[in-house]
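Written out below as structure tokens is the structure these notes cover.
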Amino acid sequence: MIETNKRCWAEINTSNIAHNVNEIRKIIPSQTKIMGIVKANAYGHGDVSMCKELLKSGVDFFGVACMEEALRLRQAHIQERILILGYTPKEQFHYLHEQNLIQTLISMDFAKELSDYACLNDVEIQCHVKVDTGMSRLGVQCKKEQWDIEDVKRMYHLPHIRVQGIFSHFSVSDDITHQENLTFTNHQIALFDLVLQQLKQAGIEPGITHLQNSYGILNYPHLSYDYVRPGLLHLGVTSDDALATIAKPDFRPVMTWKASISYVKWIEAGCDVSYGRTYTAKERIKVATVCVGYADGYPRMVSNMHKHVLIHGQRAEIIGRICMDQMMIDVSAITDVKTGDEVVLFGYDNDVLLSVDELSRACHTINNETLCWLSERVQRIYR
Ligand SMILES: *Cc1c(COP(=O)(O)O)cnc(C)c1O
């Protein structure tokens with residue numbers, strides 16, 4: 001990037017990251033540590049920068065989705081432990097020992113393949129075992145329908161595989177309003193504990209244990225495994241603000257997404273705005289063109305949904321279809337709007353907060369996804 005992009009950018013408030021990590025620490029038991037999940041470019045916030053900020057807050061273990069993400073961190077000289085939470089194809093196995101990475105054993109077949117590789121090359125691979133207690137995504141099945149504890153035990157004894165930890169993943173820890181989902185999550189916890197107990201009975205030391213994602217932390221804060229795995233919470237947001245939670249920390253959103261105004265003009269009653277002529281001015285209105293569009297990650301489906309952005313701390317409605325690189329807003333009620341003014345798409349306009357949650361609700365999705373939409377064209381600026 002040549003210089004600061006004054007077209008469309010995302011400001012990352014680093015002091016809010018430290019604040020949020022502190023809020024997480026207030027919820028979890030004092031001996032429990034944080035594994036910072038920074039997959040998907042830290043949900044659009046910038047993975048390397050996020051790791052550096054988390055490090056300052058004492059987070060010493062990171063989790064990513066795949067090898068490419070782990071290598072990005074290593075190339076940026078992040079030297080802490082990194083756990084790859086997902087599948088790694090065998091062509092990439094060599095990076096595991098070359099770059100000192102920890103691989104999740106996602107299935108027995110995968111573990112054997114990795115062990116065979118490690119034996120052949122006379123290297124040792126660090127791993128965490130994944131057990132499936134109800135998500136049915138990755139891991140050795142340890143459920144009432146299928147109890148493959150023998151496979152879990154076998155993983156600990158595979159040659160050239162050094163199992164350092166074990167974990168599972170919640171599927172409905174975000175729901176505390178339906179009894180059947182509370183029961184399901186508590187059942188997942190009980191299954192995970194039973195796995196740990198049966199390992200110990202077999203003389204196997206399970207290693208580092210971890211189970212809770214963000215909602216697992218908020219709704220099951222009493223659990224005392226070695227680590228928790230938040231991806232969202234240090235970003236100061238939850239998936240959906242309408243969901244009730246047990247713990248109610250004071251999280252502060254880390255990202256504020258901004259764009260500049262390129263052009264302001266009055267249009268007469270009867271004038272159409274943007275592609276498809278889906279919006280027609282009913283009276284004379286003042287229209288501002290904003291330098292953001294769906295190629296930046298602002299969802300086109302929000303067109304004509306009476307959704308807002310902030311300008312000078314006031315709400316302005318998006319009118320007409322959102323284009324690839326631009327969109328129009330009605331600023332009739334806002335004085336002194338001019339070319340170069342900043343628009344807040346979500347986040348803070350000084351003291352006024354427009355939550356990312358409003359955008360996510362309009363799109364019938366969760367904030368996790370909305371944050372991932374921001375494209376590479378949106379420069380991230382750390383303050
Ligand atoms: C993504 C992910 C997390 C983090 O989830 P959040 O709900 O964003 O906190 C934790 N664990 C695993 C296995 C994940 O895939």
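First listed ligand is number 1; within each ligand, the first listed atom is number 1. Just so you know, these numbers use all the heavy atoms, side chains as well, and skip hydrogens, waters and symmetry mates. Throughout, numbering of the chain's residues begins at 1 and tracks the sequence.
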Query - Sidechain N-carboxylate O distance under 4.0 Å for Lys39, Glu69 - result: no

Query raised in the report: Taking NZ, NE, NH1 and NH2 as the nitrogens, is one of them in Arg81 or Asp60 under 4.0 Å from a carboxylate oxygen of the other?
Result: yes

Query raised in the report: Is a salt bridge present between Asp250 and Arg252, judged by a nitrogen-to-oxygen distance below 4.0 Å?
Result: yes

Query - Identity and separation of the nearest protein heavy atom to atom 13 (C) of ligand 1 - result: His169 ND1, 3.6 Å

Report task. Please state whether Arg137 comes within less than 4.0 angstrom of ligand 1, counting heavy atoms only. Result -> yes

**Report entry** Nearest-contact summary for atom 11 (N) of ligand 1 - protein heavy atom, Å
**Finding:** Arg229 NE, 2.8 Å

Query - Atoms in ligand 1 with a heavy atom of Pro230 nearer than 4.0 Å - result: 9 (O)

**Report entry** NZ/NE/NH1/NH2 to OD/OE distance under 4.0 Å, Lys307 and Glu358
**Finding:** no

Query raised in the report: For Trp373 and Thr365, what are the C-alpha separation, side-chain angles and deciding distance, and is it a side-chain contact (heavy atoms from CB on, under 4.5 Å)?
Result: CA-CA 12 Å; Trp373 284 333; Thr365 189; 3.8 Å; yes

**Report entry** Nitrogen or oxygen atoms of Ser214 and ligand 1 under 3.5 Å apart
**Finding:** yes

Requested in this report: Please determine if Gly231 has a nitrogen or oxygen closer than 3.5 Å to a nitrogen or oxygen of ligand 1.
Outcome: yes

Query - Min N/O separation Tyr215 to ligand 1 under 3.5 Å - result: no

Query raised in the report: If we only count heavy atoms from C-beta on, is the Gln103 to Phe93 side-chain gap below 4.5 Å?
Result: no

Query - For Lys39, the ligand 1 atoms whose distance to one of its heavy atoms is below 4.0 Å - result: 1 (C), 2 (C), 3 (C), 14 (C), 15 (O)

Query raised in the report: Can you list the ligand 1 atoms lying under 4.0 Å from a non-hydrogen atom of Tyr43?
Result: 1 (C), 4 (C), 5 (O), 6 (P), 8 (O)

**Report entry** Step-by-step side-chain contact (heavy atoms from CB on, under 4.5 Å) determination, Leu138 to His169
**Finding:** CA-CA 9 Å; Leu138 295 179; His169 192 54; over 6 Å; no

